[in-house]
Protein chains: 2
Amino acid sequence: MTPGKTDRSTYHHGDLRQAVLTAALDVIAADGPAALSLRDLARRAGVSHAAPAHHFGDRTGLLTAIAAQGFGLLADTLAGGTGLADRGRRYVRFATAHPAHFQVMFAPDLLRADDPELTAARARAGAELRAGVTTLPGRDARTTGIAAWSLAHGFATLYLTHNVTDAVGPLPPEDYFDLLTGFLTDRADGTPGT
Amino acid sequence: MTPGKTDRSTYHHGDLRQAVLTAALDVIAADGPAALSLRDLARRAGVSHAAPAHHFGDRTGLLTAIAAQGFGLLADTLAGGTGLADRGRRYVRFATAHPAHFQVMFAPDLLRADDPELTAARARAGAELRAGVTTLPGRDARTTGIAAWSLAHGFATLYLTHNVTDAVGPLPPEDYFDLLTGFLTDRADGTPGT
DNA sequence: CCCTCATCTAGTCATTGACAAGTTGTCCTC
DNA sequence: GAGGACAACTTGTCAATGACTAGATGAGGG
């Protein structure tokens with residue numbers, strides 16, 4: 001096992017799984033999941049056209065692996081957060097920093113819904129998502145959580161689909177999102193906005 | 001011209017464009033845009049495999065037409081609304097009533113971005129979206145609008161991707177959304193929530 | 001030394017999108 | 001009502017892809 005090194009001279013690629021994953025993320029970020037082709041990824045990695053299938057089974061398997069990795073990354077990202085506003089900020093930052101993951105994570109049509117690793121990672125992310133709001137006073141925690149999630153998710157989605165680029169301008173999207181969270185957090189902690 | 005009637009005995013289908021559109025919406029709603037095949041749509045309509053391309057150019061053209069139709073429908077839906085909360089409610093209702101349209105509308109990778117009909121319809125919908133919040137006092141109208149849009153869009157997206165089905169339960173999603181809008185509209189009109 | 005097994009190759013098949021060329025029917029004009 | 005222009009549709013074809021099968025390669029273990 002030669003970890004990390006891509007040794008092209010050998011019959012075995014050495015790290016094909018990772019190479020395919022990385023290339024796939026590039027393609028998806030650039031042209032969307034529809035542009036993803038296993039054969040193209042194989043060409044990029046310099047292996048035969050059927051090699052990627054060995055690691056992921058099929059195209060759906062590859063996308064499922066990406067989604068699972070994405071939910072894991074999201075869970076890790078949220079775990080470091082403090083409070084509702086910060087978690088929302090981190091959510092938006094995750095989406096814009098990992099657009100390919102984000103897209104695939106929320107495209108159930110492309111995924112194998114019953115994949116164990118996917119469901120586990122999703123559960124982990126869901127727990128982190130809920131952990132951010134359980135301590136909120138006044139409002140029903142579940143409703144608050146879904147409102148916050150909707151706000152962050154909606155903004156991230158609209159940003160990634162180029163629907164709010166004018167408003168955000170050159171600002172990092174998570175900074176702009178801070179403006180939006182005022183509507184929620186003002187109420188949550190009792191501090192008036194404006 | 002035989003309007004509306006699908007006369008199968010003739011060489012000309014009579015209303016192939018509409019038939020293909022309808023079938024495409026069915027497929028997308030059931031299995032997502034990735035499952036869409038022009039040849040399959042042709043089979044469903046009982047025409048030759050290249051017939052759909054005559055009306056839409058190519059696969060991207062078909063999806064672009066669907067997106068344009070979707071933005072038109074959304075604009076019409078919003079136009080009848082009164083106030084911010086009602087428009088949000090209508091937005092969610094549109095998304096859940098027309099899931100195929102909604103999905104395609106916000107998948108820029110699948111669309112021809114410079115299509116005239118698409119950009120026109122999008123502009124119309126955008127204007128309606130903005131019209132709902134221009135009269136709001138206190139807050140910056142643009143920021144308010146984007147927050148409201150993010151909230152509605154995020155909730156609709158999460159609902160369609162089966163991420164909040166537990167919380168919503170058997171309720172019509174737009175009814176559940178009313179609970180969420182309290183966080184925004186309470187502030188906007190000065191009425192305290194809870 | 002050989003055996004096992006994960007990794008990768010090579011070949012094949014059905015399906016698809018796209019394109020080209022031809023056919024059919026309709027409508028417009030004279 | 002004949003002819004021509006044109007839109008609607010068909011037929012045939014090609015390259016690309018996903019999926020599958022069988023086989024080759026090489027690394028590590030007993």
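Every chain is numbered from 1 and lettered A, B, ... according to where its sequence line falls, protein lines coming before strand lines.
Between A/His54 and the phosphate of C/dC8, there is no side-chain N or O to OP1/OP2 separation shorter than 4.0 Å. B/Arg43 has a side-chain polar atom (N or O) that falls below the 4.0 Å cut-off from OP1 or OP2 of C/dT16. Close to D/dT17, at under 4.0 Å from its OP1 or OP2, lies a side-chain N or O of A/Ser37.
Within the 4.0 angstrom heavy-atom criterion, only backbone atoms of the sugar-phosphate kind lie near B/His55; the bases stay farther away. At the heavy-atom level, B/Leu36 lies under 4.0 Å from the strands shown only through sugar-phosphate atoms. Contacts of B/Arg59 with the nucleic acid, taken as non-hydrogen atoms under 4.0 Å apart, involve only primed sugar atoms and P, OP1 or OP2. If you check every strand for non-hydrogen atoms under 4.0 Å, B/Arg17 touches nothing.
In this structure, A/Asp58 places its CG atom 9 Å from C1' of D/dG18, rounding to the nearest Å. In this structure, A/Leu38 atom CG and D/dA16 atom C1' are separated by 13 Å, rounded to whole Å. For B/Gln18 and D/dA8, the CD to P distance is 14 Å, given to the nearest whole Å. Between the CG atom of B/Leu16 and the C1' atom of C/dT24 there is a distance of 15 Å, rounded to whole Å.
Two residues are said to be in side-chain contact when any heavy atoms from C-beta on lie closer than 4.5 Å; B/Phe56 and B/Arg17 meet this criterion. Using a 4.5 Å heavy-atom threshold, the side chains of B/Trp149 and A/Val164 count as touching.
Heavy-atom nearest nucleotides on DNA chain D were determined for B/Ala50 and for A/Gly57, and the one closer to the 5' end corresponds to B/Ala50.
Ring planes of A/Phe94 and A/Phe102: perpendicular class, angle over 60° (limits at 30 and 60°).
The nucleotide whose nearest atom lies closest to any side-chain atom of B/Val47 is, among D/dT10, C/dT9, D/dG18, D/dT10. Here the side chain of B/Arg39 is nearest to one of C/dT16, D/dT10, C/dA10, namely C/dT16. The A/His49 side chain lies nearest to D/dA19 when the options are D/dA19, C/dT9, C/dG17.
A salt bridge links A/Arg112 and A/Asp58; the closest N-O separation between the charged side-chain nitrogens and carboxylate oxygens is under 4.0 Å. A salt bridge between B/Arg142 and A/Asp166 is absent, with no side-chain N of the basic residue lying under 4.0 Å from a carboxylate O of the acidic one.
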